[in-house]
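Basis for what follows: all heavy atoms, side chains included, without hydrogens, waters or symmetry-related copies. Just so we're clear, the structure is a prediction, and the values are computed from it rather than from any experiment.
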Amino acid sequence: MNMQSNKIEKEAKMDQESTGLITVDGVEYKFSDMTDAAKAQLSNIQFVDHQIRQLQNEWAISDTARLGYQAALKGELLKSAKK
(Lines give C-alpha, C1' and ligand atoms only; values in the text may rest on other atoms or scores of the structure.)
Protein backbone atom coordinates (compact mmCIF):
# COMPACT_ATOMS: atom_id res chain seq x y z
CA MET A 1 0.00 0.00 0.00
CA ASN A 2 1.24 3.44 -0.75
CA MET A 3 2.35 4.77 2.62
CA GLN A 4 1.54 8.37 1.66
CA SER A 5 -2.06 7.65 0.68
CA ASN A 6 -2.48 5.49 3.78
CA LYS A 7 -1.25 8.37 5.94
CA ILE A 8 -3.53 10.84 4.16
CA GLU A 9 -6.54 8.57 4.56
CA LYS A 10 -5.93 7.90 8.25
CA GLU A 11 -5.28 11.55 9.04
CA ALA A 12 -8.24 12.66 6.98
CA LYS A 13 -10.62 10.23 8.63
CA MET A 14 -9.52 11.09 12.18
CA ASP A 15 -9.37 14.84 11.64
CA GLN A 16 -12.61 15.00 9.70
CA GLU A 17 -14.52 13.14 12.41
CA SER A 18 -13.17 15.18 15.32
CA THR A 19 -12.56 18.67 13.91
CA GLY A 20 -13.76 18.85 10.33
CA LEU A 21 -10.12 19.23 9.25
CA ILE A 22 -8.14 17.24 6.72
CA THR A 23 -4.35 17.07 7.03
CA VAL A 24 -2.37 16.45 3.86
CA ASP A 25 1.43 16.59 3.99
CA GLY A 26 1.26 18.37 7.35
CA VAL A 27 -1.10 21.10 6.10
CA GLU A 28 -4.61 21.32 7.54
CA TYR A 29 -7.61 22.00 5.34
CA LYS A 30 -11.22 22.50 6.38
CA PHE A 31 -13.29 19.71 4.93
CA SER A 32 -16.18 22.14 4.47
CA ASP A 33 -13.94 24.44 2.40
CA MET A 34 -12.75 21.70 0.07
CA THR A 35 -13.98 21.76 -3.50
CA ASP A 36 -16.20 18.98 -4.70
CA ALA A 37 -13.28 17.77 -6.82
CA ALA A 38 -10.99 17.63 -3.76
CA LYS A 39 -13.67 15.77 -1.78
CA ALA A 40 -14.02 13.33 -4.68
CA GLN A 41 -10.25 12.71 -4.70
CA LEU A 42 -10.27 12.12 -0.94
CA SER A 43 -13.15 9.71 -1.40
CA ASN A 44 -11.18 7.96 -4.16
CA ILE A 45 -8.17 7.58 -1.85
CA GLN A 46 -10.36 6.17 0.92
CA PHE A 47 -12.05 3.74 -1.50
CA VAL A 48 -8.76 2.52 -2.97
CA ASP A 49 -7.20 2.14 0.49
CA HIS A 50 -10.21 0.04 1.52
CA GLN A 51 -9.77 -2.12 -1.59
CA ILE A 52 -6.05 -2.53 -0.84
CA ARG A 53 -6.81 -3.63 2.74
CA GLN A 54 -9.37 -6.11 1.41
CA LEU A 55 -6.86 -7.52 -1.08
CA GLN A 56 -4.20 -7.77 1.62
CA ASN A 57 -6.65 -9.76 3.75
CA GLU A 58 -7.44 -12.05 0.82
CA TRP A 59 -3.69 -12.48 0.21
CA ALA A 60 -3.18 -13.47 3.87
CA ILE A 61 -6.02 -16.00 3.67
CA SER A 62 -4.65 -17.46 0.45
CA ASP A 63 -1.13 -17.64 1.85
CA THR A 64 -2.41 -19.45 4.94
CA ALA A 65 -4.35 -21.90 2.78
CA ARG A 66 -1.28 -22.50 0.62
CA LEU A 67 0.79 -23.32 3.70
CA GLY A 68 -1.89 -25.80 4.78
CA TYR A 69 -1.97 -27.43 1.36
CA GLN A 70 1.81 -27.60 1.35
CA ALA A 71 1.83 -29.32 4.74
CA ALA A 72 -0.83 -31.77 3.57
CA LEU A 73 1.20 -32.53 0.44
CA LYS A 74 4.31 -33.20 2.51
CA GLY A 75 2.30 -35.55 4.69
CA GLU A 76 0.99 -37.43 1.66
CA LEU A 77 4.48 -37.66 0.15
CA LEU A 78 5.86 -39.04 3.40
CA LYS A 79 3.09 -41.67 3.48
CA SER A 80 3.83 -42.82 -0.04
CA ALA A 81 7.59 -42.84 0.59
CA LYS A 82 7.07 -45.26 3.52
CA LYS A 83 5.20 -47.76 1.31
Determine, using the 4.5 Å side-chain heavy-atom cutoff (strictly less than), whether L67 and W59 are members of one ILVMFWY cluster. no

Step by step, work out the side-chain contact (heavy atoms from CB on, under 4.5 Å) result for K30 and M34. CA-CA 7 Å; K30 284 185 177 180; M34 290 172 61; over 6 Å; no

Can you name the side chain to side chain donor-acceptor pair (under 3.5 Å) partners of Q70, sequence neighbours left out? none

Here the side chain to side chain donor-acceptor pair (under 3.5 Å) pairs for residues 32-44, sequence neighbours left out, are none

Apply side-chain contact (heavy atoms from CB on, under 4.5 Å) to residues Y29 and L21 and explain how you reach the verdict. CA-CA 5 Å; Y29 302 90; L21 298 175; over 6 Å; no

Residue of the set V48, D49, L42 for which side chain to side chain contact (heavy atoms under 4.5 Å, CB included) holds with Q46: L42

If you look only at pairs with a residue in residues 63-79, which of them pass as a salt bridge (charged side-chain N to carboxylate O under 4.0 Å, His left out), with sequence neighbours excluded? E76-K79

Using the rule that Ile, Leu, Val, Met, Phe, Trp and Tyr join whenever any side-chain heavy atoms are under 4.5 Å apart, tell me whether L78 and Y69 fall into a single cluster. no

Residues in side chain to side chain contact (heavy atoms under 4.5 Å, CB included) with A40, at least two apart? none

Students should find that the hydrophobic cluster of L77, defined by side-chain heavy atoms under 4.5 Å apart, otherwise consists of L73

